[in-house]
J.: 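Once you've had a glance at the structure underneath, I'll fire off some questions.
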Amino acid sequence: MATTSRRLRPKDFEGDAPVVARALIGAIVLIDGVGGRIVETEAYDREDPASHSHSGPTPRNQAMFGPPGRAYVYRSYGIHWCMNFVCREDGHGAGVLIRAVEPLYGIDRMIARRGLEDVRLLCSGPGRVGQALAVTHAFNGMRLDQAPFEVRAASEDVEVVVGPRIGISKAADVPWRFGLAGSRFVSRPFPKPVSLRA
DNA sequence: CTCTTGATTCTCT
DNA sequence: GAGAATCAAGAGA
């Protein structure tokens with residue numbers, strides 16, 4: 001249950017983006033009681049050409065340069081709301097994109113918002129997560145350790161898989177995408193590990 | 001100012 | 001697999 005694991009505080013988000021992104025796999029995220037287990041994340045930071053923060057603070061990305069443990073929400077393709085968790089305590093412009101969630105709580109509300117009943121498709125993508133959890137710009141900059149957010153650490157060790165990020169043209173080969181091994185709720189399959197011998 | 005490009009998803013072919 | 005929906009940054013004139 002969500003109440004069995006420790007609630008994450010800002011200090012838990014002070015690490016580098018890839019470290020936090022990996023640590024968030026298996027964590028529970030809820031907005032107004034609706035959500036589930038994080039099964040896919042991607043890391044971004046200022047040195048990364050693919051990151052919104054790469055060219056410094058702007059009105060849109062200012063949350064990324066603020067305190068860690070807060071949300072950075074942006075509009076994607078003029079249609080979708082995508083949510084990041086801001087990390088690092090030094091205003092570096094680092095964050096973790098929440099790409100997929102395994103629906104566990106408030107599934108009926110997610111179904112209503114998404115207009116689908118296939119649980120597997122409710123939160124399997126950053127735009128889908130935004131719609132299922134009713135994310136909007138109103139959440140931009142808000143603390144993740146206060147209502148309506150509830151973020152809890154993974155209650156047990158989980159096996160994490162890594163791969164290149166999705167939907168970007170710059171630094172597309174950087175392996176900063178993390179996923180829960182074997183999860184059916186990721187947005188896309190992870191590349192199979194390179195076999196050393198045929 | 002105009003032009004291009006997206007950290008995407010859905011629908012139709 | 002291709003195209004649309006739809007808008008805010010970012011780049012360039």
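We name chains A, B, ... by the order of the sequence lines, and we start the count at 1 in each one. Just so it is clear, the structure is predicted and the values come from calculations on it, not from any experiment.
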J.: Do Ser5(A) side-chain atoms and Ala153(A) backbone N/O form a donor-acceptor pair below 3.5 Å?
T.: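 Present.
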
J.: Measure the distance from CZ on Arg128(A) to P on dT11(B) and round it to the nearest whole Å.
T.: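 Interatomic distance, CZ of Arg128(A) to P of dT11(B): 10 Å.
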
J.: Let me know the distance between NE2 of His80(A) and C1' of dA4(C), rounded to the nearest Å.
T.: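 Rounded to whole Å, this separation is 11 Å.
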
J.: Could you summarise the pairing of DNA chain B as dot-bracket text, marking Watson-Crick and G-U pairs under 3.5 Å with ( ) or [ ] inside the strand and | across strands?
T.: ||||||.|||||.

J.: Examine dG6(B): is either OP1 or OP2 under 4.0 Å from a nitrogen or oxygen in the side chain of Ser169(A)? Give yes or no.
T.: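 Yes, such a contact exists.
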
J.: More 5' along DNA chain B: Ser53(A) or Gln131(A), using each one's nearest nucleotide?
T.: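 Nearest nucleotide further toward 5': that of Ser53(A).
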
J.: I'd like to know if the side chain of Asp16(A) reaches the main chain of Pro18(A), judged simply by a donor and an acceptor atom lying under 3.5 Å from each other, with no hydrogens or angles considered.
T.: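 Not confirmed, Asp16(A) side chain does not pair with Pro18(A) backbone.
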
J.: I'd like to know whether Val73(A) forms a side chain to side chain contact (heavy atoms under 4.5 Å, CB included) with Cys82(A), so could you lay out the CA-CA distance, the side-chain angles of the two residues, the decisive distance to 0.1 Å, and finally the verdict.
T.: CA-CA 6 Å; Val73(A) 178; Cys82(A) 297; over 6 Å; no

J.: If you measure only the distance, is there a donor-acceptor pair under 3.5 Å linking the side chains of Glu47(A) and His54(A)?
T.: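 Glu47(A) vs His54(A): no donor-acceptor pair found between side chains.
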
J.: Mind calculating the distance between OH (Tyr74(A)) and C1' (dT5(B)) to the nearest angstrom?
T.: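 Atom OH in Tyr74(A) sits about 13 Å away from atom C1' in dT5(B).
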
J.: Using distance alone, with no hydrogens and no angle criterion, decide if Arg99(A) and Thr41(A) have a side-chain donor and acceptor under 3.5 Å apart.
T.: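 Arg99(A) vs Thr41(A): no donor-acceptor pair found between side chains.
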
J.: Can you tell which of Asp145(A), Val19(A), Val86(A), Leu144(A) makes a side chain to side chain contact (heavy atoms under 4.5 Å, CB included) with Phe13(A)?
T.: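 Option passing the side chain to side chain contact (heavy atoms under 4.5 Å, CB included) with Phe13(A): Leu144(A).
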
J.: dG3(C) and dT5(B): how far apart are their P atoms, nearest whole angstrom?
T.: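 One P to the other, the span is 16 Å.
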
J.: Remember a base hit wins even if backbone is also touched, and classify Arg165(A) as base, sugar-phosphate or nothing at under 4.0 Å, heavy atoms.
T.: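 The answer is nothing, as Arg165(A) stays clear of every strand by at least 4.0 Å.
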
J.: Report which part of the nucleic acid Arg114(A) touches: base, sugar-phosphate, or nothing (heavy-atom distance under 4.0 Å, all strands).
T.: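 Sugar-phosphate only.
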
J.: Would you kindly give the CG-to-C1' distance between Leu122(A) and dT9(B), to the nearest whole Å?
T.: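 About 14 Å, once rounded to whole Å.
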
J.: Tabulated below should be each protein N or O lying under 3.5 Å from an N or O of nucleotides 6-13 of chain C; please produce it.
T.:
residue, atom, partner, partner atom, Å
dT6(C), O2, Tyr77(A), O, 2.5

J.: In this structure, how many angstroms lie between the C1' atom of dG6(B) and the OH atom of Tyr44(A), rounded?
T.: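 Nearest whole value for this atom pair: 11 Å.
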
J.: Is any side-chain heavy atom of Glu40(A) less than 4.5 Å from a side-chain heavy atom of Ile166(A)?
T.: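 Yes, side chains in contact.
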
J.: Nearest whole angstrom, please: distance from the P of dT8(B) to the CD of Glu40(A).
T.: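 My rounded result for the distance is 10 Å.
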
J.: Which part of the nucleic acid, if any, lies within contact of Met83(A), taking any heavy atom under 4.0 Å across all strands shown: a base, the sugar-phosphate backbone alone, or nothing?
T.: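 Here Met83(A) touches no strand at all.
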
J.: Find the distance Arg188(A):CZ to dA7(B):C1' and express it as a whole number of Å.
T.: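 Taking CZ of Arg188(A) and C1' of dA7(B), I get 13 Å after rounding.
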
J.: Just how far, in rounded Å, is C1' of dA7(B) from NE2 of His54(A)?
T.: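 One finds 15 Å between C1' of dA7(B) and NE2 of His54(A), rounded.
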
J.: Between Gln131(A) and Arg114(A), is there a side-chain donor-acceptor contact under 3.5 Å, judged purely by atom types and distance?
T.: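 Note: Arg114(A) and Gln131(A) side chains meet the donor-acceptor criterion.
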
J.: Quick check on the 6.0 Å ring-centre criterion: do His52(A) and Tyr44(A) meet it?
T.: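 Ring centres of Tyr44(A) and His52(A) not closer than 6.0 Å.
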
J.: Of the nucleotides dA7(B), dT9(B), dC10(B), which has the atom closest to the Pro126(A) side chain?
T.: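 Minimum distance to the Pro126(A) side chain belongs to dT9(B).
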
J.: Are Tyr72(A) and Phe85(A) an aromatic pair by the rule of ring centers under 6.0 Å?
T.: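 No - the distance between ring centres of Tyr72(A) and Phe85(A) does not fall below the 6.0 Å cut-off.
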
